[in-house]
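The block underneath contains the structure these notes are about, expressed in structure tokens.
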Amino acid sequence: MTHFLLILICISTGVVISLMRILPENAHKSVNAWVIYVALPALSLRYIPEIEWNSQVLLSLIGPVIIWLGAWLFIRIYDKKKQLSKGSRTALLVTCGLGNTSFLGLPMVAAFFGESEIRHAIIFDQITFIIFSTLGVIAVLRASTERSETLSFTYILKKVLRFPPFIGCVIALLFSHFMDFSPMNPLLDKLVATMSPMALFSIGLQLKFGAIKQEWKLVSVGLFYKLLIAPGLVLLLALLLHSTGNSAKISIFEAGMSSHITASLLASQHGLNPRYCSLVVGIGIITGFITETGWYFLLGYLF
């Protein structure tokens, strides 16, 4: 119950403060800086050394890739009927194919499964980030006209290698074989504890609900895939791989998270249907609480 109250209070506080215009318009960027540069790397260092590398991890590695490929196929089929603009088509792809697996996903995993189970979500989140930083960025830049000339392998590689959570992940993966991180756990626990409230507060600051009527059909399509089809695909993959336990449950649960906030912002900043990008994040978070609760009980029955 504490975790659910935390989610409600932090997001609501962000929404209220945004409506009251107490903070500058881009205040969420300062909050994000702490989460990205401090809390998420600390999370990697705290939990990755505890991951048991076995066949159960395979689902977390493949799941995000299946979601992206499924989104690409889903949108191609939908676009044949609706003939979407290039901007709307790309915005739909990055918001369907990428989930909010860290800012919202990790706090919700803690709320539903317990903080000790976050380690099962880290790999899924890191693969999601890599897809965003490569395929997601490429898709957005190709669809826009502003920065297409800067698109290069070096640009994409630098973006990935300079991302602090990815650096923390690599350090944890490499050095945990040679050194013991456990003496740092008390400090890391304190830093990790800041992630959920700060990330959720940032989400609240960014929620926008204008122009629902104009974009309702596209938002409905995006959320149908992201909240229902995407976790369904990972569930099917789990059954094929005979994955069981909390590792499988959490991978499917993470697959059902609402749209990736950073991907949505990137698409919006490049003029790819900004109204849709804002709405799919805001409405997705609200409806996602309902669908994720349903997935949680279904997974408890299946696994």
Side-chain angles (χ1 to χ4, degrees), residues 3 5-46 94-95 98-111 118 121-122 125-126 128-130 132-133 136-137 140 146-147 155 158-169 171 187-210 257-272 274-275 277-282 284-286 288:
H3 288 291
L5 289 175
L6 177 70
I7 292 172
L8 177 63
I9 291 171
C10 291
I11 292 181
S12 299
T13 302
V15 171
V16 170
I17 288 179
S18 176
L19 292 174
M20 294 177 66
R21 301 181 185 276
I22 295 174
L23 297 176
E25 185 177 350
N26 292 325
H28 66 274
K29 292 183 178 180
S30 298
V31 181
N32 292 353
W34 174 268
V35 176
I36 292 172
Y37 285 88
V38 179
L40 286 175
L43 185 77
S44 295
L45 294 173
R46 175 63 180 87
V94 297
T95 55
L98 298 164
N100 193 356
T101 53
S102 55
F103 275 58
L104 186 64
L106 297 179
M108 286 191 67
V109 167
I118 287 179
I122 293 176
D125 176 55
Q126 290 295 315
T128 298
F129 162 73
I130 292 172
F132 161 66
S133 298
V137 171
V140 170
E146 297 177 20
R147 295 185 57 188
Y155 171 79
K158 285 181 178 179
K159 191 170 184 67
V160 175
L161 296 180
R162 291 178 179 176
F163 190 63
F166 180 73
I167 295 171
C169 178
I171 291 174
L187 172 61
L188 293 173
D189 285 336
K190 298 294 184 183
L191 295 174
V192 170
T194 67
M195 184 204 66
S196 293
M198 296 286 276
L200 295 167
F201 177 64
S202 174
I203 287 173
L205 289 175
Q206 298 173 71
L207 287 183
K208 307 291 182 185
F209 295 99
M257 289 296 155
S258 56
S259 300
H260 197 285
I261 287 184
T262 308
S264 303
L265 287 174
L266 183 67
S268 179
Q269 289 168 358
H270 284 78
L272 308 182
R275 291 187 306 187
C277 292
S278 175
L279 283 170
V280 77
V281 170
I285 288 173
I286 295 173

Verify, without hydrogens or angle tests, whether Ser18 (side chain) and Gly14 (backbone) share a donor-acceptor contact under 3.5 angstrom. no
Smallest separation among heavy atoms of Leu98 and Ala263, with atom names: CD1-CB, 3.9 Å
Nearest heavy-atom neighbours spanning Val35 and Met198: CG2-CB, 3.7 Å
Side chains of Leu40 and Leu106, heavy atoms from C-beta outward: is any pair under 4.5 Å? yes
Do the non-hydrogen side-chain atoms of Leu6 and Pro107 ever get within less than 4.5 Å of each other? no
Look at the side chain of Thr194 and the backbone N and O of Leu191, then say whether any donor-acceptor pair between them is shorter than 3.5 Å. yes
Residue pairs fulfilling salt bridge (charged side-chain N to carboxylate O under 4.0 Å, His left out) with at least one residue in residues 5-32, sequence neighbours excluded: none
I need the minimum non-hydrogen distance between Gly136 and Val94, along with the two atoms involved. O-CG1, 4.0 Å
Nearest-0.5 Å distance that lies between atom CD1 in Ile261 and atom OG in Ser102: 8.5 Å
Contacts of Leu19 that satisfy side-chain contact (heavy atoms from CB on, under 4.5 Å) - sequence neighbours left out: Val15
Quick one: closest heavy-atom pair of Pro197 and Cys10, and the distance? CA-SG, 3.5 Å
For His260 and Phe132, take the angle between the two ring planes, folded into 0 to 90°, and tell me which bin it lands in: parallel under 30, tilted 30 to 60, perpendicular over 60. parallel
In short, Cys277 meets Ser264 closest at the heavy-atom pair CB-O, 3.5 Å
Ignoring hydrogens, what is the shortest heavy-atom contact between Gly168 and Leu45? Give both atom names and the distance. O-CD2, 3.9 Å
